[in-house]
**Student:** 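Have a look at this one.
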Amino acid sequence: MGIFFKITISTLISFIPLYVLAHKVTLEDKSLEKIVNERMAIMQKIKSTSSKLYRFINSDQYEEMLELNETLLHSASEFKDFYPENSQAEGASDNIWSDRETFNEYNQNFVDDIEMISLSIELEDKEMISDAIKAMAANCSTCHKKFRN
């Protein structure tokens, strides 16, 4: 892969979260039930996509990994928007709303980990891919410990 391609991919990865975060979900837009169902669905999508990606760690199927990782990045980038003010519900800790700064920080760490996976895939570095996926999974665990009932 040429350096121009890598720079282009890196630039695109940087702008995807900005594009996705341009619209905030609010309770005025949707019912609480719909918001909760959507955030449960996006969490399931993150979980299933992560599992699929993990199965490719020791393969040479870099294109497939990159596609899965792009799906994961998109989902992770919009994830925090499924927790608008006053959308507390069973299963989600009130800490999400009372400590929004930490919640957003954990989400950004998650997005950063996924971007590192992208870079690792582009470099076709299996050890780096494995380490990046493990870091992402550890980040999931840390967030769940703090913000899940």
**Student:** Does a donor on one side chain and an acceptor on the other come within less than 3.5 Å for Asn104 and Gln108?
**Tutor:** no

**Student:** With rounding to the nearest 0.5 Å, note down the distance linking CG in Asn69 to CD in Glu122.
**Tutor:** 9.5 Å

**Student:** Minimum heavy-atom separation for Ser50 to Met136, with atom names?
**Tutor:** OG-CE, 3.7 Å

**Student:** Any idea which heavy atoms bring Phe82 and Ser87 closest together, and the distance?
**Tutor:** O-OG, 4.5 Å

**Student:** Is there a donor-acceptor pair closer than 3.5 Å between any side-chain N or O of Ser59 and the backbone N or O of Phe56?
**Tutor:** yes

**Student:** How about CZ on Arg100, more than 12 heavy atoms from neighbouring residues, nucleotides or ligands closer than 6.0 Å, or not?
**Tutor:** yes

**Student:** Kindly assign one of parallel, tilted or perpendicular to the pair Trp97 and Tyr83, based on the angle between their ring planes and the thresholds 30° and 60°.
**Tutor:** tilted

**Student:** Is the Tyr106 ring parallel, tilted or perpendicular to the Phe147 ring (thresholds 30°, 60°)?
**Tutor:** perpendicular

**Student:** May I have the step-by-step check of side-chain contact (heavy atoms from CB on, under 4.5 Å) for Leu119 and Leu123, ending in yes or no?
**Tutor:** CA-CA 6 Å; Leu119 177 61; Leu123 296 173; 4.1 Å; yes

**Student:** Between Lys52 and Glu64, is a side-chain contact (heavy atoms from CB on, under 4.5 Å) present by the stated rule, with each step listed?
**Tutor:** CA-CA 10 Å; Lys52 289 174 188 173; Glu64 290 85 351; over 6 Å; no

**Student:** What I'd like to find out is whether the side chain of Lys45 reaches to under 4.5 Å of the side chain of Thr71, using heavy atoms alone.
**Tutor:** yes

**Student:** If I take atom CD1 from residue Ile114 and atom CG from residue Leu73, how far apart are they, to the nearest 0.5 angstrom?
**Tutor:** 6.0 Å

**Student:** Begin with the C-alpha distance, continue with both residues' side-chain angles, and end with the deciding distance and a verdict on side-chain contact (heavy atoms from CB on, under 4.5 Å) for Met43 and His144.
**Tutor:** CA-CA 11 Å; Met43 180 57 79; His144 281 192; 3.7 Å; yes

**Student:** Please check this pair: side chain of Ser93 against backbone of Ile96, looking for a donor-acceptor N/O pair closer than 3.5 Å.
**Tutor:** no

**Student:** Can you sort out the partners of Asp60 under salt bridge (charged side-chain N to carboxylate O under 4.0 Å, His left out), two or more places apart, ordered by chain and number?
**Tutor:** Lys126

**Student:** Measure the CD1-OG distance between Ile133 and Ser120 for me, rounded to the nearest 0.5 Å.
**Tutor:** 8.0 Å

**Student:** Does either side chain, that of Asn139 or that of Thr142, offer a donor lying less than 3.5 Å from an acceptor on the other one?
**Tutor:** no

**Student:** So which heavy atom on Gln88 is nearest to which on Asp94, and how close?
**Tutor:** CG-OD1, 3.5 Å

**Student:** Is Met128 atom CE crowded by more than 12 heavy atoms from other residues, nucleotides or ligands, each under 6.0 Å away?
**Tutor:** yes

**Student:** Working to the nearest 0.5 angstrom, can you tell me the gap between Ser130 OG and Ile57 CD1?
**Tutor:** 4.5 Å

**Student:** Kindly give the heavy-atom pair with the smallest separation between Ile42 and Glu78, and that separation in Å.
**Tutor:** CD1-OE2, 3.0 Å

**Student:** Where is the tightest heavy-atom contact between Lys146 and Asn95, given as atom of each residue plus distance?
**Tutor:** O-ND2, 3.6 Å

**Student:** What distance do Cys140 atom SG and Phe110 atom CZ have between them, rounded to the nearest 0.5 Å?
**Tutor:** 4.0 Å

**Student:** Report the distance from atom CD1 of Ile121 to atom CD of Glu63, rounding to the nearest 0.5 Å.
**Tutor:** 9.5 Å

**Student:** Around atom OH of Tyr54, are there more than 12 heavy atoms of other residues, nucleotides or ligands at under 6.0 Å?
**Tutor:** no

**Student:** Which heavy atom of Ile117 sits nearest a heavy atom of Ala132, and at what distance?
**Tutor:** CG1-CB, 3.5 Å

